[in-house]
Amino acid sequence: MKWLALLSAVVASPLAAQQVEPWTEAVVSVEDIADATKLFREIGGWHVVQKGKVALAELNYWKLSEKTSAKFERLCAPAVDTGCIRFVRFTGIEQRPIRLATRAWDTGGIYSIMVRSDNVPAVFDAAVKMGWWAESEPTRFSFGTSDLRNVVITGPHGINLSIYGRIAPPFTAFPVGRISQGFNSMRMVKSRANARDFYAKQLGFQIVFDSGFEPAEPARSNFGIPYNYTPQIKRAAAALQPANGETGRVEVMQIDGFTGDDVSSHASPPNLGILSVRYPVQDLAAYRAQLELRGVSIIYSATAVPIKGIGKTDIIAVRDFDGNITEFFETIKPGGPKRKTN
């Protein structure tokens, strides 16, 4: 009877009523934490807010071998405690890069974490000196009413960081500095429409923009598309978020005209690269019930998982149509009831 009452309440209330908040952190699997975080620490001024061993309960949640262990460092940009990155080093288990030898038009695996910068060329130059690379130098372009500069830099094991500088109008929504908090994450997908509808209709996110615009004349591309091909290689993108604001977004992009590989089968822990982004939810049990009613499969699920920097959490994970993982969690308040999510 209690389940029927919950089901009735879920059907009657929209997904937004469960109050999914912007993602607080991305989870990135790396071989060397010090090497992977150097750019963020030395150029961006990011600081370590938590570090230590990954709890066995979290490894079990990821369905990893009992021989697996892991340590982590959670870094945040100056003056914020959201849009952080949790760098995880797994040991005792075989790994491979998720997006091994891929190009932008290859689908599967989260392509990049997006940040802002007050000086994109300076970050680009510093990153190259540290061994990062790029498909192109920083590119200037207009999007809507914004005058932007952007570059996608590639670090260890194909981990991409997309850096945006807004030249005009001024950006004031959160502190920027050399490397800001993460505000978005890009997924390369087979179908923009299908991916957009997954996040909008099944996860309940709001559409920020949905565009298939292409320049009529050749233009520099930050995705490695040859200059003379840019008018004909169609790039269609949509950005979505659970709540209004400038953070916590997910973006999907479809690149038509080149035939790429699909690496989605490798987009799971403990493989190397961007594994997921994590969204807090105020009522995870109700949100999960709504997801399942909409045909969303839960691929990972656990209760009372101690995650340093977040707390004891109930947590679930889902995959989109291109194999990308998104996680949702609820922090258990001391003395509060434990919700069953298995």
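This is a predicted model, so every value here is computed, not measured. Just the heavy atoms: all of them, side chains too, but no hydrogens, waters or symmetry mates, feed the values below.
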Would you mind reporting whether [Y] and [X] have side-chain heavy atoms less than 4.5 Å apart?
X	Y	value
Val30	Val88	no
Tyr300	Ser268	yes
Trp105	Thr259	no
Leu148	Asn150	no
Asp147	Arg140	yes
Glu58	Ile307	yes
Pro280	Phe329	yes
Glu25	Ile310	yes

Side-chain heavy atoms under 4.5 angstrom apart, residues restricted to Ile, Leu, Val, Met, Phe, Trp, Tyr: same cluster for [X] and [Y]?
X	Y	result
Ile274	Phe321	yes
Leu291	Val250	yes
Val80	Leu75	no
Met130	Leu272	no
Trp133	Val115	yes

Run the side-chain contact (heavy atoms from CB on, under 4.5 Å) test on Val27 and Glu327 for me, step by step, so that the C-alpha distance in whole Å, both residues' side-chain angles and the decisive distance to 0.1 Å come before the verdict.
CA-CA 10 Å; Val27 181; Glu327 294 178 285; 4.0 Å; yes
Would you confirm whether the ring centroid of [Y] sits within less than 6.0 angstrom of the ring centroid of [X]?
X	Y	value
Trp23	Phe183	no
Tyr279	Phe205	yes
Phe72	Phe87	no

Hey, does the side chain of [X] reach the backbone of [Y] with a donor-acceptor pair shorter than 3.5 angstrom?
X	Y	answer
Glu330	Leu284	yes
Asn160	Gly155	no
Asp81	Cys76	no
Thr313	Ile315	no
Ser264	Gly108	no
Asp125	Ala122	no
Ser136	Ser221	yes
Arg192	Ala195	no
Thr230	Ala219	yes

Specify the closest pair of heavy atoms between [X] and [Y], including all atoms of both residues, with the distance to one decimal.
X	Y	result
Pro175	Ala79	CG-CB, 4.3 Å
Arg99	Thr107	NH1-C, 4.0 Å
Ala126	Ile43	CB-CD1, 3.7 Å
Val152	Ala134	O-CB, 3.4 Å
Ala243	Gln206	CA-NE2, 3.9 Å
Leu59	Val54	CD2-CG1, 4.0 Å

Would you give the length of the straight line joining atom [atom1] of [X] to atom [atom2] of [Y], rounded to the nearest 0.5 angstrom?
X	Y	atom1	atom2	answer
Ser112	Ile163	OG	CD1	10.5 Å
Ile153	Asn222	CD1	CG	12.5 Å
Leu275	Thr326	CG	OG1	12.0 Å
Met188	Asp262	CE	CG	14.0 Å
Arg178	Ser117	CZ	OG	6.0 Å
Asp35	His157	CG	NE2	8.5 Å

Say whether [X] and [Y], considering side chains only, have a donor N or O and an acceptor N or O under 3.5 Å apart.
X	Y	result
Asp256	Gln254	yes
Gln241	Arg249	yes
Arg86	Ser276	no
Asp261	Thr102	no

Tell me, with the steps shown, if Lys190 and Asp322 meet salt bridge (Lys or Arg N to Asp or Glu O under 4.0 Å).
CA-CA 7 Å; Lys190 300 182 192 69; Asp322 297 275; 3.5 Å; yes
Using a strict threshold of under 4.0 Å (side-chain N to carboxylate O), is an ion pair present between Arg196 and Asp210?
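Counted as a salt bridge, because a side-chain N and a carboxylate O are separated by less than 4.0 Å.
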Could you walk me through whether Leu161 and Leu39 pass the side-chain contact (heavy atoms from CB on, under 4.5 Å) test, one step at a time?
CA-CA 11 Å; Leu161 188 68; Leu39 177 71; 4.2 Å; yes
Could you walk me through whether Ile298 and Glu292 pass the side-chain contact (heavy atoms from CB on, under 4.5 Å) test, one step at a time?
CA-CA 8 Å; Ile298 308 301; Glu292 291 179 324; 3.6 Å; yes
Going by the side-chain hydrogen bond (donor to acceptor under 3.5 Å, both in side chains) test, which pairs reach into residues 89-98, not counting sequence neighbours?
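Every side-chain hydrogen bond (donor to acceptor under 3.5 Å, both in side chains) pair that includes a residue of residues 89-98, provided the two are not neighbours, is Ser29-Gln95, Ser69-Thr91, Arg89-Gln95, Arg96-His266.
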Pairs flagged by side-chain hydrogen bond (donor to acceptor under 3.5 Å, both in side chains) wherever residues 38-54 is involved - sequence neighbours left out:
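Sorted pair list: Thr37-Arg41.
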Kindly assign one of parallel, tilted or perpendicular to the pair Phe223 and Tyr111, based on the angle between their ring planes and the thresholds 30° and 60°.
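Tilted.
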Hey, can you tell me if Phe141 and Tyr164 have their rings parallel, tilted or perpendicular (30° and 60° cut-offs)?
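Phe141 and Tyr164: perpendicular rings.
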Whether over 12 other heavy atoms sit under 6.0 Å from Phe258 CZ
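Check passes, neighbour count above 12.
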Determine whether Glu137 and Arg220 satisfy the following criterion, salt bridge (Lys or Arg N to Asp or Glu O under 4.0 Å), listing intermediate values before the conclusion.
CA-CA 9 Å; Glu137 295 189 42; Arg220 297 296 174 190; over 6 Å; no
Stepwise side-chain contact (heavy atoms from CB on, under 4.5 Å) test for Ile33 and Lys71:
CA-CA 9 Å; Ile33 291 176; Lys71 61 181 180 179; 4.2 Å; yes
For Phe143 and Phe209, run ring pair (Phe, Tyr, Trp, His ring centres under 6.0 Å): C-alpha distance rounded to whole Å, both residues' side-chain angles, the deciding distance at 0.1 Å, then the answer.
CA-CA 11 Å; Phe143 186 82; Phe209 69 80; 4.9 Å; yes
Please enumerate all residues that pass side-chain hydrogen bond (donor to acceptor under 3.5 Å, both in side chains) together with Tyr199, with sequence neighbours excluded.
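Checked Tyr199 against side-chain hydrogen bond (donor to acceptor under 3.5 Å, both in side chains); matches are Arg187, Asp320.
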